[in-house]
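Let me begin by presenting the structure, written as structure tokens, before commenting on it.
Just the heavy atoms: all of them, side chains too, but no hydrogens, waters or symmetry mates, feed the values below. Proteins come first, then strands; the chains are lettered A, B, ... in the order of their sequence lines, and each starts at number 1. Just so it is clear, the model here is predicted, and its values are computed rather than measured.
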There are 2 protein chains.
Amino acid sequence: MRKNGDVYDASCSARDALELIASKWALLILPALAAGPMRNAALLRRIGGISQKVLTQTLRELERNGLILREDKGMRPRRVEYRLSRLGKSLSRALRILDRWAERHFPALDAARERYAANQASQRSASRL
Amino acid sequence: MRKNGDVYDASCSARDALELIASKWALLILPALAAGPMRNAALLRRIGGISQKVLTQTLRELERNGLILREDKGMRPRRVEYRLSRLGKSLSRALRILDRWAERHFPALDAARERYAANQASQRSASRL
DNA sequence: CAGTATCCTCGGAGATACTG
DNA sequence: CAGTATCTCCGAGGATACTG
């Protein structure tokens with residue numbers, strides 16, 4: 001992306017940051033970890049519908065960006081814990097606002113979708129006259 | 001908000017809402033429209049790297065969810081304007097917080113990535129000994 | 001248990017050309 | 001000018017099996 005012509009000005013890196021955040025899975029993992037440190041298996045259970053591969057990928061990406069910390073206590077059987085870094089907690093707080101927005105407004109979104117569907121239907125039947 | 005250890009139960013719809021938001025393009029279109037109503041071509045210019053098709057798709061999806069309004073004034077040549085709905089403005093305000101977070105913290109993210117890369121490199125060379 | 005390695009599928013998204 | 005219609009391709013992500 002961002003092929004030719006630097007259309008957008010200074011906020012390019014911020015845009016990258018946004019894209020990191022705008023990952024569906026990151027948006028679910030961070031809140032999960034906000035509750036406290038968690039292990040791989042627990043995250044798999046907690047976040048329904050994510051595969052082991054994608055979970056690992058996303059965790060690595062979050063770790064790479066300094067949002068979470070990975071602690072591998074060298075035990076047998078193995079035990080690895082993930083937890084939010086300071087930066088991750090900060091982001092998590094910002095995300096909570098979005099979360100609350102979603103909770104508060106999804107009824108409105110649903111309603112809008114129904115209205116839209118109804119409109120579509122009536123327009124289809126009108127054009128058939 | 002999914003406080004107990006169960007997989008997501010009640011907050012499924014909110015999760016859907018989050019996924020709508022977690023679209024890279026929606027995250028760019030909404031702030032663009034926050035500045036004021038805009039037409040197709042203007043959005044294409046403003047948001048670098050998006051194709052006509054994807055722009056239309058995203059706009060439709062946002063309209064369907066009641067976040068933006070589409071106004072087609074029946075002129076020749078055609079003139080269609082998009083603008084935020086009340087709901088869209090509300091979301092846009094919530095997103096601005098994220099935006100600010102990204103602007104404020106992307107240096108930290110960058111730094112973390114460099115640290116990570118350095119670690120990787122030193123670990124690779126260590127394992128080669 | 002945490003993580004990798006493979007293989008494979010499906011759909012997101014680009015390019016291009018066309019229409020009202 | 002806004003939008004559709006096709007065709008195409010690439011890669012994110014799922015399933016499964018294996019390893020330390």
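Pairs of residues two or more places apart, or lying in two chains, that qualify as ring-ring contact (aromatic ring centres under 6.0 Å, His included) and include a residue from residues 51-103 of chain B are B:W101-B:H105.
Atom pair B:L44:CG and D:dA2:C1' shows a separation of 10 Å (rounding to whole Å applied). Taking atom CD of A:E81 as the reference point, atom P of C:dG3 lies 12 Å away to the nearest angstrom. Remark: C1' of C:dA2 and CD of A:E63 are 13 Å apart, rounded to the nearest angstrom. Going from atom CG of A:L59 over to atom P of C:dC1 covers 17 Å, rounded to whole Å. Rounded to an integer number of Å, the gap from B:M75 CE to D:dA2 P is 12 Å. Look at CD on B:E19: it is 15 Å from C1' on C:dG11, rounded to the nearest Å. Rounding to whole angstrom units, NZ of residue A:K73 and C1' of C:dC1 are separated by 14 Å. As a whole-Å value, the separation of A:D72 CG from C:dC1 P is 15 Å.
No contact: A:R79 has no heavy atom under 4.0 Å from any strand. Contacts of B:R76 with the nucleic acid, taken as non-hydrogen atoms under 4.0 Å apart, are absent.
Contact check on B:R78 versus B:D72 returns a salt bridge, with a Lys/Arg side-chain nitrogen under 4.0 Å from an Asp/Glu carboxylate oxygen. Salt-bridge formation is detected for the pair B:R113/B:D110: a Lys NZ or Arg NE/NH1/NH2 atom is positioned less than 4.0 Å from an Asp or Glu carboxylate oxygen.
The neighbour count for A:R83 CZ, taken as heavy atoms of other residues, nucleotides or ligands under 6.0 Å away, does not exceed 12.
Within the shown strands, C:dC1 is the pairing partner of D:dG20 under the Watson-Crick or G-U definition, both distances less than 3.5 Å. When Watson-Crick and G-U wobble pairs are counted only if both distances are under 3.5 Å, C:dA15 pairs with D:dT6.
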Scoring nucleotides 4-17 of chain D by protein non-hydrogen atoms under 4.0 Å (B base, S sugar-phosphate only, - none) yields B-B------BBB--
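Heavy-atom minimum distance, B:A17 versus A:L109: CB-CD1, 3.8 Å.
Judged purely by atom type and a 3.5 angstrom limit, A:T58 has no side-chain atom pairing as donor or acceptor with the backbone of A:A26. Side-chain atoms of A:S92 never come within 3.5 Å of backbone atoms of A:P31 as a donor-acceptor pair (strictly under, hydrogens ignored).
Between A:R78 and the phosphate of D:dG20, there is no side-chain N or O to OP1/OP2 separation shorter than 4.0 Å.
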